[in-house]
Participant: 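Input: one structure, supplied below.
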There are 2 protein chains.
Amino acid sequence: MHSEVVASRSAEQRDSSRESRNGNGTPQLDAVSLAIIQQLQEDGRRPYAAIGKAVGLSEAAVRQRVQKLLDQGVMQIVAVTDPLTVGFRRQAMVGINVEGDVEAIADALTDMSEVEYVVMTAGSFDILAEIVCEDDDHLLDVINKRIRALPGVRSTESFVYLKLKKQTYMWGTR
Amino acid sequence: MHSEVVASRSAEQRDSSRESRNGNGTPQLDAVSLAIIQQLQEDGRRPYAAIGKAVGLSEAAVRQRVQKLLDQGVMQIVAVTDPLTVGFRRQAMVGINVEGDVEAIADALTDMSEVEYVVMTAGSFDILAEIVCEDDDHLLDVINKRIRALPGVRSTESFVYLKLKKQTYMWGTR
DNA sequence: CTCGCTGTTTGCGGATTTCGCAGAACTGGT
DNA sequence: ACCAGTTCTGCGAAATCCGCAAACAGCGAG
């Protein structure tokens with residue numbers, strides 16, 4: 001019925017060893033899990049059986065691997081939107097310079113619900129943070145009252161979003 | 001069986017008028033669609049019936065709305081991961097200054113597969129673009145050979161990612 | 001080499017969910 | 001009041017999801 005798939009699977013399977021972890025504690029993914037993620041990046045609701053056919057695994061096996069990937073926090077299956085469409089009128093990327101413990105500031109930003117995205121960077125900013133707000137007042141409040149008030153924040157520079165041009169989640173689908 | 005749900009629905013339903021469009025061509029979302037999106041932001045695979053129970057609609061109605069939201073491009077249901085986990089070792093945010101047609105440059109960036117995110121901004125950069133690459137060589141190539149080569153790009157500044165601290169998709173879930 | 005341990009895969013039923021469709025209900029315009 | 005367009009509902013049929021027990025593979029200890 002699906003003999004050629006099985007054949008290709010056992011070929012793939014050879015080097016897909018047991019899941020291990022590297023130093024960071026980030027789970028090491030084999031080729032099959034990667035292929036599963038790729039399938040779900042194209043369509044987060046794709047049936048397990050269809051994914052199984054694509055990657056050469058049974059429906060139940062795919063289901064278990066997906067569940068594990070979710071439990072481990074390797075991936076999440078979610079709806080993503082353009083915030084502007086959903087009623088958040090003001091967004092900005094904020095570049096931040098820190099004196100002292102950068103990670104502590106990053107953690108503080110992480111705790112703010114208006115902050116969608118926090119990344120520590122090399123370059124003329126120590127941290128980049130994306131802010132999503134309802135309106136100008138809200139944005140102003142977050143940047144001036146809350147972020148600049150954090151002890152250790154030396155300076156900030158804001159880039160207010162005018163238009164979102166691209167937003168994809170297709171890593172590995174090249 | 002679910003009488004109280006029906007009751008609460010008709011209350012909600014009153015102000016959920018026909019879908020319209022604002023000037024931008026972006027569909028206007030009513031409270032119910034927003035609630036549906038919110039449900040799917042928590043779990044992209046949540047069954048239609050469960051969503052229906054939460055927002056006060058029948059399973060079929062939810063299904064139709066979700067399909068329309070997907071068709072309209074208002075949202076997409078996808079798996080998202082930390083690129084580092086999936087084998088992309090180098091990422092960077094690139095700030096770009098443009099002379100002339102900013103949107104043309106933004107479109108050119110959008111066409112590059114390594115570019116995950118493009119946004120036009122106000123401030124000292126005209127465009128911010130997020131780049132996801134396999135390694136340093138790849139990143140260098142994209143920034144120097146491809147982005148800087150675009151006619152109209154006056155200057156760029158790169159912020160290489162050191163550590164991703166937060167990445168959420170929970171707009172409206174506050 | 002064999003035993004046993006562990007983690008993964010497979011193959012099933014049964015329960016749930018998805019899907020397509022036809023009719024009812026609601027809205028806005030004439 | 002009526003009509004056209006859209007949305008919602010309620011089904012039955014098909015597909016999918018889920019849990020479980022058995023088969024299987026890797027691996028270290030004896």
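We name chains A, B, ... by the order of the sequence lines, and we start the count at 1 in each one. Keep in mind it's a predicted model, so treat the numbers as computed, not measured.
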Participant: For A:R45, does the CZ atom have more than 12 heavy-atom neighbours from other residues, nucleotides or ligands under 6.0 Å away?
Facilitator: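 Yes, CZ of A:R45 has more than 12 neighbouring heavy atoms, counting only those of other groups under 6.0 Å.
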Participant: Does the plane of the ring in A:Y117 sit parallel, tilted or perpendicular to the ring in B:Y161? Use 30° and 60° as the thresholds.
Facilitator: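 Because their plane-to-plane angle lies in the 30° to 60° range, the rings of A:Y117 and B:Y161 count as tilted.
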Participant: From D:dT9, D:dC17, C:dC19, pick the nucleotide closest to the side chain of B:A60?
Facilitator: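 Minimum distance to the B:A60 side chain belongs to D:dT9.
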Participant: Roughly how many Å is it from CG in A:L57 to P in D:dA25, rounded to a whole number?
Facilitator: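 That distance rounds to 14 Å.
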Participant: Within less than 4.0 Å of OP1 or OP2 of D:dT16, is there a side-chain N or O belonging to A:R45?
Facilitator: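 For D:dT16, OP1/OP2 do not have a side-chain N/O of A:R45 under 4.0 Å.
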Participant: C:dC19 P sits how many Å from B:L70 CG, rounded?
Facilitator: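 Rounding to the nearest Å, CG of B:L70 and P of C:dC19 are 11 Å apart.
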Participant: To the nearest 10°, let me know how far the axis at one end of the helix from C:dC1-D:dG30 to C:dT30-D:dA1 is tilted from the axis at the other, five pairs an end.
Facilitator: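 Here the helix ends are tilted 30° relative to one another.
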Participant: I want to check one thing: is the phosphate of D:dT6, taken as OP1 and OP2, less than 4.0 Å away from some side-chain N or O of B:K68?
Facilitator: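 So the side chain of B:K68 is outside the cut-off, no N or O lying under 4.0 Å from OP1 or OP2 of D:dT6.
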Participant: Given atom CD of B:Q67 and atom P of C:dG20, what is their separation to the nearest angstrom?
Facilitator: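 In whole Å, C:dG20 P lies 9 Å from B:Q67 CD.
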Participant: Of the options C:dT8, C:dG11, D:dC11, whose atoms approach the side-chain atoms of A:R65 most closely?
Facilitator: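 Minimum distance to the A:R65 side chain belongs to C:dT8.
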Participant: In plain terms, say whether B:D135 and B:R90 are close enough for a salt bridge, that is, a side-chain N and a carboxylate O under 4.0 Å apart.
Facilitator: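 The answer is no: the pair does not qualify as a salt bridge.
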Participant: Among C:dT9, C:dT18, D:dC17, which nucleotide has an atom closest to any side-chain atom of B:R63?
Facilitator: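 Selected nucleotide (nearest to the side chain): C:dT18.
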Participant: What I want to check is whether the side chains of B:D107 and B:T110 have a donor and an acceptor closer together than 3.5 Å.
Facilitator: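 Side chains of B:D107 and B:T110: no pair found under 3.5 Å.
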Participant: What nucleotide among D:dT16, D:dC18, D:dC8 has an atom nearest to a side-chain atom of A:Y48?
Facilitator: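 So the side chain of A:Y48 is nearest to D:dC18.
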Participant: Within the 4.5 Å heavy-atom criterion, are A:S124 and B:E157 side-chain neighbours or not?
Facilitator: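 Of all side-chain heavy-atom pairs linking B:E157 with A:S124, at least one is under 4.5 Å.
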Participant: Identify which one of A:E59, A:Q67, A:R65 satisfies the side-chain contact (heavy atoms from CB on, under 4.5 Å) criterion when paired with A:R63.
Facilitator: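 By the side-chain contact (heavy atoms from CB on, under 4.5 Å) criterion, A:R63 pairs with just one of A:E59, A:Q67, A:R65: A:E59.
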Participant: Output all residues satisfying side chain to side chain contact (heavy atoms under 4.5 Å, CB included) with B:S155, sequence neighbours left out; order by chain, then residue number.
Facilitator: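 Checked B:S155 against side chain to side chain contact (heavy atoms under 4.5 Å, CB included); matches are B:N97.
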Participant: For B:K53 and C:dT16, what is the distance between atoms NZ and C1' respectively, to the nearest whole Å?
Facilitator: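 Those two atoms, NZ and C1', are 12 Å apart.
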Participant: Among C:dT18, C:dT10, D:dC8, which nucleotide has an atom closest to any side-chain atom of B:A61?
Facilitator: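 From the listed options, D:dC8 comes nearest.
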Participant: If you check the B:E59 side chain, which of D:dC18, D:dT9, C:dT18 turns out closest?
Facilitator: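 Among D:dC18, D:dT9, C:dT18, the one nearest the side chain of B:E59 is C:dT18.
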Participant: Rounded to the nearest angstrom, tell me the gap between atom CD1 in B:I77 and atom P in C:dT18.
Facilitator: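 Spelled out: CD1 on B:I77 to P on C:dT18 is 10 Å.
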Participant: Could you check how far CD1 of B:I51 sits from C1' of C:dT18, rounded to whole Å?
Facilitator: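 Taking atom C1' of C:dT18 as the reference, CD1 of B:I51 is at 12 Å.
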Participant: Assuming nearest nucleotide by heavy-atom distance, tell me which of B:Q64 and B:P47 is located more 5' along DNA chain C.
Facilitator: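 In this pair, the answer is B:P47.
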